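Because the structure is a prediction, the values reported are computed rather than measured. Worth knowing before you read on, the calculation uses all heavy atoms, side chains too, and leaves out hydrogens, waters and symmetry mates.
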Amino acid sequence: MQQLSNLIVDYFPNIATYFTGIVFVIFLILNISDDFDKISGFVKRIFNLRKHVDTLIYAKKRKKYNKTLYDNEYLKWQQTIIEKIYGDLITTKNAEFEREYEGKDFVPHIDFTRLNLQDKSQTYEAVTLRLKPVDYPFTDICSKKFLTRRKDLEDKEDEIKLKYRKEVNKYYRLIKQTLKYPNRLGYMLDDIVFDAENDKLPWHVTAHSGVYSDNLKTSHILEYELYGLYVKDKKHNWNIKDKSREEILDRLPIRKYIHKKFADEAKSSTQRLECEANILTSGRYRSSLLGVQMFVMVKNHAGSYDALRIRRSINVIAKPGFIQFIPSGGFEAANDCTDLDSQWDNYSITKAVFRELLEECFGMDEDDRSIAANNISPDRIYNNKHIAELVYMLDSDGGRAHMQLMGTSMSLVGLRQELSFILRVDDPDFSLDFIGNYESRSAIHMIDVKVLEDAKFWMNDDLAKLNCTSAGLYELARESQMYKI
């Protein structure tokens, strides 16, 4: 064989060159095929011009946008605008509650979120809805019989996306590169339903299955619209804060569209404000992703209780840089399955809040295949040692843990409701494995609730930079019988 090879090289050098070339190409193809997915992905990234443009241009715009949202001048301007738009609606809704629940032992109440800590006071761009508390396991509050499942999760006929296509596309392109799971199944609020005559279930939630990106395009976009008005107000000296409620809404067409849809449900002109006030307890006419958040209190070795607080990373979509109590997140599926059965299986507020607890307090990755794989039931979360321990403490006669749903907090900027829980754990060892995730700028801060009550602890503008729905959670927790200081 060697002699034949030498003979070919000596007498037929051209054939040898061609043969060597063919062998090399075959060898290259065989090796490339082993890593084809990696190589093709690399090539796609190189030639993904839009992504590179987004990185170069939109990253700078996002930085400017987030910087403005964090600015104290903007926050004060925003608060004035929000109070003008929603003040009368809050008054109207409370009058309805008082009328419907007259003579009952508990009357729901809604108001602007406010925190008063000694000599410090702060009002937020959110409302706190006080509801009759419900103890763990929250039976029937988010019952599956009140869930509407959809074959096609994305609402392609959404009127906001069609009517304001240009504005929606502009906003979505601004934030697109920061999204991790834009197509993930989430549960959108239809209504918080009140039944004054039902003592066992005086309120419950109705919802439908949807997709996270629709929530961004029809609810989150309201924050971007408000930001745009602020920029124009400063540029043209409109003094928009001095305008009437109607004039302000005229400058916010997407928000006005949602308000008008509620008002148009009225059967007479005298009922328009009362129908419009339903926007405070309903997610209709937009895709409004339900949220879950929990005020966690863990007993410390001094005999008091520690709460869990973080400063949010600058690389998250919502409220980058703001202070927040954890855990907190969207009411979403555990994995990427979107079929009708998965929509049914994942609809559990208990599993949703437990998953947020694992991700934000125990450092579990959102892609952890032991819990979030597509071939694993959402109920697998109960096999996790931390959740198993917590459930045992909640169920045990000793009462080493207590959990309660207190009400909701809703940002009036994005018009999204967050179901608000409190968890008190009387075992200091429960916190031994606490570790933060990517949403936190640094470690989880465990702060004695007695210290939280001290106004001096809240340095500089920290109280103003508390995420508005976290402020609502804290407000509800301080009023709870489970809150011990």
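- When only modelled atom types and interatomic distance are considered, Asn72 and Asp461 share a side-chain donor-acceptor pair under 3.5 Å.
- Minimum heavy-atom separation, Ser420 to Leu476: CB-CD1, 3.8 Å.
- For Tyr305 and Tyr483, the gap between ring centers reaches or exceeds 6.0 Å.
- Expressed to the nearest 0.5 Å, how far CD1 of Ile326 lies from CZ of Phe295 amounts to 11.5 Å.
- The neighbour count for Lys232 NZ, taken as heavy atoms of other residues, nucleotides or ligands under 6.0 Å away, does not exceed 12.
- Taking the six-membered ring for Trp and the full ring otherwise, Phe112 and Tyr86 have centroids separated by 6.0 Å or more.
- Separation of the Phe106 and Tyr101 ring centroids does not fall under the 6.0 Å cut-off.
- Partner of Tyr65 under the ring-ring contact (aromatic ring centres under 6.0 Å, His included) criterion, out of Tyr227, Tyr74, Tyr58: Tyr227 alone.
- Using modelled atom types, one side-chain atom of Asn66 and one backbone atom of Arg62 make a donor-acceptor pair closer than 3.5 Å.
- Under a 3.5 Å cut-off, the side chain of Ser244 and the backbone N or O of Glu247 do form a donor-acceptor pair.
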Worksheet item: Taking it one step at a time, do Lys351 and Phe354 satisfy side chain to side chain contact (heavy atoms under 4.5 Å, CB included)?
Response: CA-CA 5 Å; Lys351 285 183 278 192; Phe354 281 171; 5.7 Å; no

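- Within the model, atoms CZ of Phe97 and NE2 of His109 stand 9.5 Å from one another, a figure rounded to the nearest 0.5 Å.
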Practice prompt. Apply side chain to side chain contact (heavy atoms under 4.5 Å, CB included) to the pair Met406 and Leu473, showing each step before the final yes or no.
Written response: CA-CA 9 Å; Met406 305 175 290; Leu473 174 68; 3.9 Å; yes

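- Ile279 and Leu89 get closest at one heavy-atom pair: CG2-CD1, 4.1 Å.
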Practice prompt. Decide yes or no on side chain to side chain contact (heavy atoms under 4.5 Å, CB included) for Gln404 and Met482, but give the supporting numbers first.
Written response: CA-CA 9 Å; Gln404 192 176 75; Met482 291 173 54; 3.6 Å; yes

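- Among pairs with a residue in residues 263-282, those fulfilling side-chain hydrogen bond (donor to acceptor under 3.5 Å, both in side chains) read Lys93-Asn278, Arg99-Glu274, Asp191-Ser282, Arg245-Glu276, His259-Glu276, Lys260-Asp264, Asp264-Arg272, Glu265-Arg284, Glu265-Tyr285, Ser268-Thr270, Ser282-Arg284, at least two apart in sequence or across chains.
- Among residues two or more places apart in sequence or in another chain, the salt bridge (charged side-chain N to carboxylate O under 4.0 Å, His left out) test is passed with Lys76 by none.
- A cation-pi arrangement is present between Lys465 and Tyr70, with the terminal nitrogen or guanidinium carbon under 6.0 Å from the aromatic centre and inside a 45° cone about the axis.
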Fill in: Criterion side-chain hydrogen bond (donor to acceptor under 3.5 Å, both in side chains) on Asp345 and Ser342, from CA distance to verdict
CA-CA 5 Å; Asp345 292 341; Ser342 295; 5.3 Å; no

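- Distance alone, capped at 3.5 Å, is enough to place a donor-acceptor pair between the Glu225 side chain and the Ile254 backbone.
- Salt bridge annotation for Arg130-Glu479: present, with a cationic side-chain nitrogen under 4.0 angstrom from a carboxylate oxygen.
- Between the CD1 atom in Ile85 and the CG atom in Leu252 there is a gap of 5.5 Å [rounded to 0.5 Å].
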Worksheet item: Hey, mind stepping through Phe421 and Tyr136 against ring-ring contact (aromatic ring centres under 6.0 Å, His included) and telling me if it holds?
Response: CA-CA 10 Å; Phe421 303 79; Tyr136 170 85; 9.9 Å; no

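- Heavy atoms only, all atoms of each residue included: Ile349 and Cys142 are closest at CG2-SG, 3.4 Å.
- Counting non-hydrogen atoms of neighbouring residues, nucleotides and ligands closer than 6.0 angstrom, the CD atom of Gln481 reaches no more than 12 such neighbours.
- Counting only distance, with no hydrogens or angles, the side chain of Gln417 and the backbone of Leu280 share a donor-acceptor pair below 3.5 Å.
- When every heavy atom of Leu69 is checked against every heavy atom of Phe322, the shortest pair comes out as O-CZ, 3.7 Å.
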Worksheet item: What's the verdict on side chain to side chain contact (heavy atoms under 4.5 Å, CB included) for Glu418 and Thr408, showing C-alpha distance, side-chain angles and the deciding distance?
Response: CA-CA 5 Å; Glu418 297 197 33; Thr408 74; over 6 Å; no

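- Atom NZ of residue Lys256 and atom CD1 of residue Ile258 lie 13.5 Å apart, to the nearest 0.5 angstrom.
- With sequence neighbours left out, Gln122 forms a side-chain contact (heavy atoms from CB on, under 4.5 Å) with Tyr124, Leu463, Ala464.
- Taking the six-membered ring for Trp, His208 and Tyr187 have ring centres at least 6.0 Å apart.
- No side-chain N or O of Asp88 forms a donor-acceptor pair with one of Thr91 less than 3.5 Å apart.
- The two atoms that bring Val211 and Pro182 nearest to each other are CG2-O, 3.5 Å, heavy atoms only.
- In this view, Pro137 and Thr139 satisfy the side-chain contact (heavy atoms from CB on, under 4.5 Å) rule, not counting sequence neighbours.
- A donor-acceptor distance shorter than 3.5 angstrom exists from the side chain of Lys84 to the backbone of Lys243, with no hydrogens or angles considered.
- Taken from CD in Glu246 to CD1 in Ile248, the straight-line distance is 9.0 Å, to the nearest 0.5 Å.
- Applying the ring pair (Phe, Tyr, Trp, His ring centres under 6.0 Å) rule to Tyr172 yields no partners; only residues at least two apart in sequence or on another chain are considered.
- Remark: the backbone N or O of Gly436 is not paired with any side-chain donor or acceptor of Glu360 at under 3.5 angstrom.
- Ring pair Phe325/Tyr474: centre-to-centre distance below 6.0 Å.
- A distance of 9.0 Å separates OG1 of Thr469 from CD of Glu125, quoted to the nearest 0.5 Å.
- Here the closest heavy-atom approach between residue Ser209 and residue Arg149 is recorded as OG-CA, 3.9 Å.
- Put simply, the residue from Arg286, Lys161, Arg184 that forms a salt bridge (charged side-chain N to carboxylate O under 4.0 Å, His left out) with Asp214 is Lys161.
- Between the side chain of Trp458 and the backbone N or O of Leu117 there is no donor-acceptor pair closer than 3.5 Å.
- Shown here are the side-chain contact (heavy atoms from CB on, under 4.5 Å) partners of Asn116, two or more places apart in sequence or in another chain: Ser121.
- Counted by atom type alone, Ser409 and Thr128 present zero donor-acceptor pairs between their side chains at under 3.5 Å.
- Checking each of Val193, Ile141, Asp195 against Trp203 for a side-chain contact (heavy atoms from CB on, under 4.5 Å) leaves exactly one that passes, namely Ile141.
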Discussion item. Could you walk me through whether Asp462 and Arg311 satisfy the salt bridge (Lys or Arg N to Asp or Glu O under 4.0 Å) test, starting with their C-alpha distance in whole Å, then the side-chain angles of each, then the deciding distance to 0.1 Å, before giving a yes or no?
Written reply: CA-CA 10 Å; Asp462 274 0; Arg311 290 185 187 270; 2.8 Å; yes

Fill in: side-chain hydrogen bond (donor to acceptor under 3.5 Å, both in side chains) assessment of Glu159 paired with Tyr257
CA-CA 10 Å; Glu159 290 190 34; Tyr257 162 81; 2.9 Å; yes

